[in-house]
Amino acid sequence: MNIFRLAGDMTHLASVLVLLLKIHTIKSCAGVSLRTQELYAIVFATRYLDIFTSFVSVYNTFMKLVFLGSSFSIVWYMRYHKAVHRTYDREQDTFRHWFLVLPCLVLALLIHEKFTFLEVLWTFSLYLEAVAILPQLVLLQRTRNIDNLTGQYIFLLGGYRGLYILNWIYRYFTEPHFVHWITWIAGLVQTLLYADFFYYYFLRFIGGRGVE
Amino acid sequence: PNKSYQKDEL
C-alpha cells in the first residue's frame with residue numbers, strides 16, 4: 001500500500017459517503033443518474049467475486065464490503081424508496097447504459113490477462129467502470145446546474161482513479177514485474193472522461209458558485 | 001516470472 005492508493009481509496013470512499021449522505025439525509029437523488037449507479041453495482045459485483053476465495057487484508061475485505069453494500073443500497077434507494085424515487089429524474093436519465101455492458105463483456109473475452117472465469121469478469125469490471133460515468137455526465141449536461149453534493153460526488157469519483165494512476169506509476173518504479181496494461185489503460189480512459197467535468201468544476205469552484 | 005499477481009487493489 002502506498003500513499004497514492006490510500007488517498008485513492010479514501011477519495012472513492014468519500015464519494016460514496018457524499019452520495020449516501022445526500023440520498024439518506026435530504027432524501028433526494030436529484031441530478032444523480034440511476035443508470036450510472038446500476039453500472040457501478042455491476043462493476044463491484046464482478047470485480048469482488050474473489051472476496052470469499054482470496055483474502056488480501058482486513059482493509060481490503062472491509063472496503064470491498066463497503067463498496068458492494070453502498071452501491072447496491074444506493075440503487076435500492078433510488079428505485080424503491082418512495083421519497084427518494086420521487087426525486088429521480090427518469091425523463092432525463094435515458095442513456096442506453098445496457099449498450100455499454102455487452103461491448104465491455106466482448107472486449108473482456110478478447111483482451112484479458114488470463115482466460116479464466118474470475119479473470120474475465122474482473123477485466124469486464126475494469127472496462128465497465130471506465131465508461132460507467134457516461135450516463136451521469138450526460139444527465140449532468142441535460143440538467144444544467146447541479147447541487148454541490150452531486151458535484152462533489154462526481155469530482156471525488158473521478159479523482160479516485162486519477163490517484164490510482166499515480167499509484168500505478170509509483171508501483172511500476174518500485175516493484176519489479178509490476179506491469180498491468182489493461183488496468184492502466186482502462187484507468188486512464190476512465191479519468192480522461194472526466195476531463196471536461198474537472199474543467200468546469202474548477203472554473204465554478206474558483207468562481208465560488210455551484211457547478212453548472 | 002509472471003506470477004499471477006494477487007489482486008491487492010480495489
Side-chain angles (χ1 to χ4, degrees), chain A residues 1-2 4-6 8-13 16 43-44 46-51 53-57 59-68 71 112-116 118-119 121-123 125-126 129 160-161 163-165 167-168 170-172 175-180 182-184 186-187, chain B:
Chain A
M1 172 65 84
N2 59 66
F4 302 112
R5 185 144 72 90
L6 184 63
D9 290 342
M10 291 307 107
T11 304
H12 191 190
L13 179 65
V16 158
V43 165
F44 293 132
T46 51
R47 183 167 310 171
Y48 300 151
L49 288 171
D50 63 351
I51 189 169
T53 55
S54 79
F55 177 78
V56 176
S57 69
Y59 169 83
N60 187 272
T61 304
F62 174 72
M63 293 298 277
K64 285 177 177 176
L65 291 172
V66 166
F67 290 139
L68 279 167
S71 61
H112 42 260
E113 283 189 8
K114 277 184 307 183
F115 192 68
T116 65
L118 282 183
E119 185 72 20
L121 281 186
W122 181 81
T123 311
S125 82
L126 280 178
E129 187 186 6
Y160 110 84
R161 213 65 181 168
L163 287 165
Y164 254 74
I165 292 173
N167 151 65
W168 293 323
Y170 176 84
R171 294 188 75 175
Y172 174 78
E175 295 174 30
H177 311 304
F178 188 82
V179 176
H180 297 287
I182 292 174
T183 312
W184 296 347
Chain B
N2 184 16
K3 64 179 178 59
S4 70
Y5 106 103
Q6 192 182 31
K7 304 220 176 323
D8 61 351
E9 296 185 347
L10 289 171

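Since the model is a prediction, treat every value here as computed from it, not as a measurement. Numbers restart at 1 for each chain; the letters A, B, ... are given by sequence-line order, proteins then strands. All heavy atoms count here, side chains included; hydrogens, waters and symmetry mates do not.
Checked against ring pair (Phe, Tyr, Trp, His ring centres under 6.0 Å), A:H12 has the following partners two or more places apart in sequence or in another chain: A:F44, A:F67, A:Y160. Contacts of A:F62 classified as ring pair (Phe, Tyr, Trp, His ring centres under 6.0 Å), with partners at least two apart in sequence or in another chain: none.
Ranking A:R5, A:K64, A:M63 against chain B, the residue ahead of the rest is A:R5, based on heavy-atom pairs under 4.5 Å.
Interatomic distance, B:K7 NZ to A:L49 CG, rounded to the nearest 0.5 Å: 12.0 Å. Summarising the geometry, atom CD belonging to B:E9 is positioned 4.5 Å from atom CG belonging to A:N167; distances are rounded to the nearest 0.5 Å.
Annotation: A:Y172, atom OH; neighbour count of heavy atoms from other residues, nucleotides and ligands within 6.0 Å does not exceed 12.
Taking every heavy atom of both residues into account, A:N60 and B:D8 meet most closely at ND2-O, 3.4 Å.
Heavy-atom distances place the side chain of A:D9, and not its backbone, under 4.5 Å from chain B.
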